[in-house]
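Proteins come first, then strands; the chains are lettered A, B, ... in the order of their sequence lines, and each starts at number 1.
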Amino acid sequence: MRGADPRLSVLRDRLRGVRRVIAVVSSKGGVGKTLVATSLALAAARRGLRVGLLDTDFTNPTAHIALGADISRTTPREEKGVVPPTIHGVEFMTIAFYSGENPLPLRGEEIDEVFLELLAITRWGELDLLLIDTPPGVSNELLDLLSYVPNVENLVATTPSPLSLNSLRRLLKMMLDAGEKVLGVVANMATGEPHGVAEVCRSFGVDLIGALPLDPEIDLALGNPDKMLSTVFGRAVDRLLEEILRKPRVHA
Amino acid sequence: MLLTRRRDRGSWWSETVHEWALAEAIVKYVGEIVRSRGGSRVKSLVVKLGALQSIDREVLEFALREASKIENIDIEELRFEVEQPLLRCRRCGYEWKLDMDSVPQDLAEAIHFVPEVVHSFFKCPRCGSRDFAVVRGRGLSVERVEVV
């Protein structure tokens with residue numbers, strides 16, 4: 001055996017203490033994945049759940065900004081691996097702890113390396129819920145997630161825009177064809193009833209779990225959990241979380 | 001970044017560092033190979049250390065020995081091969097070596113945890129592009145396992 005990758009052998013162990021893994025995914029950019037993932041994590045922490053947040057947008061990490069993590073002062077602690085720091089009640093891991101706010105261009109295989117490295121060294125605590133923020137596109141980060149994270153449930157984010165709906169259809173088709181676990185769809189930036197999103201969900205037989213309003217206030221509240229969760233958007237996220245927690249775990 | 005790992009090597013040091021996570025991965029992987037080949041022990045294990053990752057060899061060896069006791073895998077001979085990093089620019093083709101001893105400590109530490117962040121701190125010396133490949137010497141891999 002030559003040049004093999006031993007990191008694959010510990011991935012399962014590293015996530016053994018995590019009861020539920022939910023990834024917020026969308027092939028379309030700008031639909032609010034980071035904000036939805038981070039707000040869900042903060043809302044879960046406020047409800048007293050043990051929750052983690054992993055940012056897998058390696059070339060453009062921003063979850064730390066939404067979460068209000070000061071990456072210049074906080075880093076993971078070394079303890080037979082690395083232990084994610086707890087920020088506003090959320091165990092948080094991002095490559096930005098190591099790359100800072102510097103540019104980080106990565107080719108596909110390098111993204112695979114980062115994914116495996118972070119999963120192999122990160123020691124999450126006992127968690128009720130681990131939320132994973134993902135980058136747009138259907139490429140290495142998302143494919144690695146689906147390949148390497150056991151039992152990940154996918155929460156597909158979209159907006160009501162026809163451009164997003166097209167992306168939503170393609171992504172749902174890909175996931176359902178492959179038997180991936182689709183928890184449901186969240187319609188973000190909704191300005192009314194998201195009929196178009198509901199129609200797509202019906203045609204694929206997946207749940208539209210909730211709708212989140214377009215709320216200009218949220219940008220002013222980023223990094224401040226109390227403020228974020230008290231916006232119209234934040235309150236809708238809390239209702240979304242309630243719906244998610246009510247749903248049984250998705251099995252393939 | 002606030003990476004202070006190598007500043008103080010107290011007695012706790014070798015038992016806490018993140019090399020342990022990698023040692024665990026290697027031992028579990030080797031265990032899978034031993035079982036799949038129906039063997040009883042490892043005659044020799046060769047681990048390649050890409051110098052970009054600045055793995056502490058003594059700590060890794062200690063952690064590998066401890067982890068193999070826990071997993072109940074007998075490793076007779078353990079060898080390391082160190083590979084110096086070679087980088088190649090994908091834009092202009094320039095190749096250069098990176099001497100990790102000359103890299104500032106805080107940057108070396110960041111690269112130690114996730115070697116790919118080398119793209120955050122280094123550019124092609126000729127054209128300035130960050131789009132370069134780590135041709136060799138990235139990090140840790142299992143080079144050879146001999147099961148008997």
Side-chain angles (χ1 to χ4, degrees), chain A residues 1-14 56 58-61 64 69-85 93-124 140, chain B residues 1-5 12-13 15-33 36-37 45-48 53 63 66-67 90 106-107 109-123 129-134 138-147:
Chain A
M1 183 68 58
R2 291 182 67 84
D5 197 327
R7 293 171 297 186
L8 291 169
S9 302
V10 287
L11 297 190
R12 256 168 213 280
D13 291 349
R14 295 288 181 261
T56 63
F58 305 132
T59 60
N60 188 41
H64 59 284
D70 183 351
I71 54 167
S72 67
R73 289 169 180 273
T74 316
T75 48
R77 179 168 51 85
E78 247 188 310
E79 179 77 54
K80 296 193 172 181
V82 294
V83 178
M93 191 62 183
T94 171
I95 194 166
F97 285 134
Y98 306 109
S99 60
E101 296 298 2
N102 297 292
L104 183 55
L106 297 171
R107 295 270 181 165
E109 283 182 10
E110 294 171 317
I111 289 170
D112 300 337
E113 291 284 353
V114 174
F115 199 97
L116 286 175
E117 197 75 32
L118 277 184
L119 256 69
I121 65 174
T122 304
R123 290 190 174 272
W124 300 98
N140 295 61
Chain B
M1 279 166 293
L2 190 77
L3 301 167
T4 56
R5 173 172 184 271
W12 52 271
W13 192 78
E15 293 187 11
T16 58
V17 293
H18 109 288
E19 273 87 343
W20 270 88
L22 303 172
E24 250 177 34
I26 291 176
V27 169
K28 280 186 189 291
Y29 169 72
V30 168
E32 286 164 14
I33 291 179
S36 74
R37 295 189 193 167
L45 168 64
V46 182
V47 175
K48 187 150 77 181
Q53 200 171 16
E66 291 300 307
R90 293 182 193 266
D106 56 338
L107 305 191
E109 298 241 349
I111 295 168
H112 168 72
F113 287 104
V114 186
E116 281 63 39
V117 301
V118 68
H119 294 278
S120 290
F121 306 118
F122 289 89
K123 296 177 282 191
S129 172
R130 282 186 164 85
D131 183 12
F132 55 82
V134 179
R138 176 206 178 263
L140 193 148
S141 64
V142 173
E143 198 55 15
R144 217 159 35 245
V145 187
E146 198 183 334
V147 178

- Which bit of R107(A) is near chain B, if near means a heavy-atom gap under 4.5 Å: side chain, backbone, both or neither? side chain
- Message: Please rank V114(B), I111(B), V118(B), V27(B) by heavy-atom pairs under 4.5 Å with chain A and give me the top one.
- Response: V114(B)
- Query: For E117(A), is it the side chain, the backbone, both or neither that has a heavy atom under 4.5 Å from a heavy atom of chain B?
  - Reply: side chain
- Message: Can you tell me which portion of E116(B) sits under 4.5 Å from chain A's heavy atoms? Options are side chain, backbone, both or neither.
- Response: both
- Within the side chain of E78(A), is there an N or O that forms a donor-acceptor pair under 3.5 Å with the backbone of H18(B)? yes
- Checking N140(A) side chain against G108(A) main chain: does a donor-acceptor pair fall under 3.5 Å? yes
- Item | D13(A) side chain vs V10(A) backbone, donor-acceptor pair below 3.5 Å | no
- Calculate, to the nearest 0.5 Å, the distance between atoms CD and OG1 belonging to E109(B) and T75(A) respectively. 9.5 Å
- Item | Test item: R14(A) side-chain N/O and A21(B) main-chain N/O as donor-acceptor pair under 3.5 Å | yes
- L106(A) versus chain B, the contacting section by heavy-atom distance below 4.5 Å: side chain
- Item | chain B contact via I111(A) - which portion, at a heavy-atom distance below 4.5 Å | neither
